[in-house]
Engineer: 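Below is a structure I'd like to ask you about.
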Amino acid sequence: QLQASGGGSAQAGGSLKLSCAASKRTSSNNGMGWFRQAPGKEREFVAGINWNGARKIYADFVTGRFTISRDNVKSSVFLQMNSLNPEDTAVYFCASSRTAYGSSDASQYNYWGQGTQVTVSS
């Protein structure tokens, strides 16, 4: 129901844009979020967006570098990542919230995509 894509390799300072295609059942009325998990670390929140895109929240470590957006016509959510650094290397997951709002709490999300690998080299 959620298909993440757009991951790959980038140099430090570079950019990548992740996309998440969602089924209608999990998209238009639900908040969406991006999380990531680096090797040996817990999954962590990256960014969230409410159902109509008017409200966005970010983890402190990405504020000013990453931008979350959505296109409900295309049932898609995006994560534009700029000024990447090696610490951003992780598998990135998109998720659909149980509510209309994005949240930093992973337990608020009931559908998860399969993840897409992002690798940033110095």
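Keep in mind that the numbers below use all heavy atoms, side chains included, and drop hydrogens, waters and symmetry copies.
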Engineer: Any idea which heavy atoms bring T63 and Y58 closest together, and the distance?
Structural biologist: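 Nearest heavy atoms, T63 then Y58: OG1-CB, 3.6 Å.
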Engineer: Answer yes or no: is there a side-chain heavy-atom contact under 4.5 Å between L2 and M32?
Structural biologist: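 Heavy-atom side-chain distance check passes, below 4.5 Å.
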Engineer: Classify the ring geometry of W112 against F93: parallel below 30°, tilted from 30° to 60°, perpendicular beyond 60°.
Structural biologist: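 Plane angle over 60°, so perpendicular.
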Engineer: Do you see a donor-acceptor pair shorter than 3.5 Å between the side chains of S103 and D105?
Structural biologist: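 The answer is no; no qualifying pair exists.
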Engineer: I'd like to know whether N30 forms a side chain to side chain donor-acceptor pair (under 3.5 Å) with S97, so could you lay out the CA-CA distance, the side-chain angles of the two residues, the decisive distance to 0.1 Å, and finally the verdict.
Structural biologist: CA-CA 6 Å; N30 300 93; S97 174; over 6 Å; no
Engineer: Taking the side chain as C-beta and beyond, is there a heavy-atom pair between S19 and S76 under 4.5 Å?
Structural biologist: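 A side-chain contact under 4.5 Å is absent here.
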Engineer: Is any side-chain heavy atom of E44 less than 4.5 Å from a side-chain heavy atom of F61?
Structural biologist: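 The answer is yes, as the side chains (C-beta and beyond) meet within the 4.5 Å cut-off.
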Engineer: Any heavy-atom pair between the side chains of I68 and F78 that's under 4.5 Å?
Structural biologist: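 They are not in side-chain contact.
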Engineer: Contact between S5 and T116 at the side-chain level, heavy atoms closer than 4.5 Å - yes or no?
Structural biologist: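 No. Closest side-chain heavy atoms not under 4.5 Å.
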Engineer: Is it the case that S28 and N72 place a side-chain donor and acceptor less than 3.5 Å from each other?
Structural biologist: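 No, because no side-chain N or O of S28 sits under 3.5 Å from a partner of the opposite role on N72.
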Engineer: Would you mind reporting whether T99 and Q108 have side-chain heavy atoms less than 4.5 Å apart?
Structural biologist: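 When only atoms from C-beta onward are counted, T99 and Q108 do touch, with a gap below 4.5 Å.
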Engineer: Is the closest side-chain heavy-atom distance between W34 and I49 below 4.5 Å?
Structural biologist: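 Contact flag for W34/I49 side chains = no.
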Engineer: Give a yes or no answer on whether the side chain of R36 reaches the backbone of V118 with a donor-acceptor pair at less than 3.5 Å.
Structural biologist: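 The answer is no, because no donor-acceptor pair under 3.5 Å joins these two groups.
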Engineer: Output the distance between atom CG (N85) and atom OG (S121), rounded to the nearest 0.5 Å.
Structural biologist: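 If I round to the nearest 0.5 Å, the distance is 11.5 Å.
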Engineer: For S83 versus D88, what's the shortest heavy-atom pair and its separation?
Structural biologist: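 That closest heavy-atom pairing would be O-OD2, 4.3 Å.
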Engineer: State whether the number of non-hydrogen atoms from other residues, nucleotides or ligands found under 6.0 Å of R55 atom CZ is greater than 12.
Structural biologist: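 Open.
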Engineer: Are the side chain of Y109 and the backbone of G31 linked by a donor-acceptor contact shorter than 3.5 Å?
Structural biologist: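 No: the side chain of Y109 does not pair with the backbone of G31.
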